[in-house]
Amino acid sequence: MKTVFISRPMPADVETEARQHFDVTMRASNAPLSQTEMVEALEGYDAVLPTLGDRFSAEVFAKATPRAVMLANFGVGYNHIDVDAAKAKGLIVSNTPGAVTDATADTAMTLMLMSARRAGEGERMVRAGRWDGWHPTQMLGMHLSGKTVGIVGMGRIGQAIARRCHFGFGMKVAYFTRSPKDLDFDATPFDDLPKLAAAVDVLVLAVPGGAGTRHLVDADVLAAMQPHAHLINIARGDVVDEEALISALQNGSIGGAGLDVYAQEPDVPAALVALENVVLLPHLGTAALEVRTDMGLMALRNLRAVLIDGQDAPNAVWF
Ligand SMILES: NC(=O)c1ccc[n+]([C@@H]2O[C@H](COP(=O)([O-])OP(=O)(O)OC[C@H]3O[C@@H](n4cnc5c(N)ncnc54)[C@H](O)[C@@H]3O)[C@@H](O)[C@H]2O)c1
Ligand SMILES: O=C(O)[C@H](O)CO
């Protein structure tokens with residue numbers, strides 16, 4: 001049997017399926033792998049099933065003489081893996097596209113509603129015993145129906161968010177993305193991000209992380225947003241300049257923000273935690289048992305294709 005190292009405890013169905021096909025070592029800890037652990041995993045097993053937080057950097061690959069032929073990432077985002085360095089050492093990298101799409105789009109809608117309708121702030125008020133009863137002008141937020149959402153990154157998740165906004169909430173959709181999209185609903189393309197930011201009531205980030213999108217939303221993009229507008233980030237933390245976002249929230253140059261991801265997870269800047277006009281979720285995008293099970297089973301299908309059937313990985317991240 002081929003040996004597979006799984007870097008975190010997995011949902012039960014994923015573990016069962018994995019043990020049916022492979023000689024599995026499933027690490028008991030939920031902490032990110034250390035460099036030493038990553039090198040040992042690459043050298044000691046036929047394949048590794050890592051997840052976000054396990055930073056397979058060029059340095060790690062440089063230190064390893066891999067026996068492993070594959071990294072089957074648990075998750076669609078793989079910005080924690082230096083894929084060029086992996087490829088140079090002969091490894092295939094796969095991910096789990098599609099399995100995460102609806103759940104992550106739902107999380108974007110959760111953040112959008114919570115931020116626009118001040119749900120986090122309201123809940124904190126009730127829990128603190130500070131609610132003095134309903135009145136006509138209490139805690140007035142932004143009504144989403146009829147407003148315009150701007151999607152940054154109109155890929156699988158971006159489109160799932162756009163559909164929810166368009167068909168579910170009667171919102172207008174505008175977007176900025178890398179390559180033209182053929183969409184089956186009305187949406188206005190923008191070729192300039194600050195112009196999109198200026199035109200919308202909610203700006204939603206759904207691009208991949210990594211060097212190409214680091215600080216895509218910087219102080220200029222935030223300054224272009226309207227004072228009532230909300231920023232929603234379900235992508236990766238470093239897509240936004242967090243310091244610039246904190247300033248924009250502190251000085252009220254944007255209406256609010258809803259964040260699922262942070263630049264240095266799990267550290268969330270104290271200045272963000274102190275603010276009322278930001279909703280903070282702990283990277284919950286795919287956090288549902290069915291979804292995490294589908295992600296694991298998809299990663300295993302990729303491992304089986306390569307290690308057992310001698311085929312290409314169906315979800316290799318390059319071609
Ligand atoms: N919060 C979570 O739990 C969670 C869950 C799943 C995915 N994600 C993140 O969401 C990302 C998107 O996932 P997906 O499945 O929709 O990927 P995808 O590849 O289908 O979509 C990404 C889109 O972004 C566009 N894009 C890339 N670079 C761009 C740039 N510089 N400017 C504008 N557009 C750009 C691409 O053309 C593509 O359309 C993942 O890479 C991951 O980082 C987060
Ligand atoms: O990229 C992903 O799939 C998420 O961030 C982890 O679920």
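One-based numbering, in listed order, for ligands and for the atoms of each.
- The shortest N or O to N or O distance between Arg292 and ligand 2 is not below 3.5 Å.
- If you check which protein heavy atom lies closest to atom 6 (C) of ligand 2, you get Leu52 CD2, 3.5 Å.
- Those atoms of ligand 2 with a heavy atom of Arg236 less than 4.0 angstrom away are 1 (O), 2 (C), 4 (C), 5 (O).
- Using a 4.5 Å heavy-atom threshold, the side chains of Ile254 and Leu245 count as touching.
- Among protein heavy atoms, atom 29 (C) of ligand 1 sits closest to Val207 CG1, 3.9 Å.
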Please test Arg304 against Glu17 for salt bridge (charged side-chain N to carboxylate O under 4.0 Å, His left out), starting from the C-alpha separation and ending with a verdict.
CA-CA 11 Å; Arg304 283 170 57 188; Glu17 174 78 5; 3.1 Å; yes
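- Those atoms of ligand 1 with a heavy atom of Ile234 less than 4.0 angstrom away are 1 (N), 2 (C), 4 (C), 8 (N), 9 (C), 44 (C).
- Of all protein heavy atoms, the one lying nearest to atom 42 (C) of ligand 1 is Arg236 NH1, 3.7 Å.
- Here the straight-line distance linking atom CZ of Phe5 with atom CG of Asp46 works out to 14.0 Å at 0.5 Å rounding.
- Annotation for ligand 2: atoms under 4.0 Å from non-hydrogen atoms of Val100 are 3 (O).
- For ligand 2, the atoms sitting less than 4.0 Å from at least one non-hydrogen atom of His283 are 4 (C), 5 (O), numbered in the order shown with element in parentheses.
- Close approach of ligand 2 to Thr286 is summarised as follows: ligand atoms under 4.0 Å from at least one heavy atom of the residue are 7 (O).
- Short contacts between ligand 2 and Met295, defined as distances under 4.0 Å to a heavy atom of the residue, involve ligand atoms 7 (O).
- At a 3.5 angstrom cut-off on N or O pairs, His283 counts as close to ligand 1.
- Taking a cut-off of under 4.0 Å to the non-hydrogen atoms of Gly77, the atoms of ligand 2 that pass are 1 (O), 2 (C), 3 (O).
- With hydrogens left out, the protein atom closest to atom 2 (C) of ligand 2 is Val76 N, 3.5 Å, a heavy atom.
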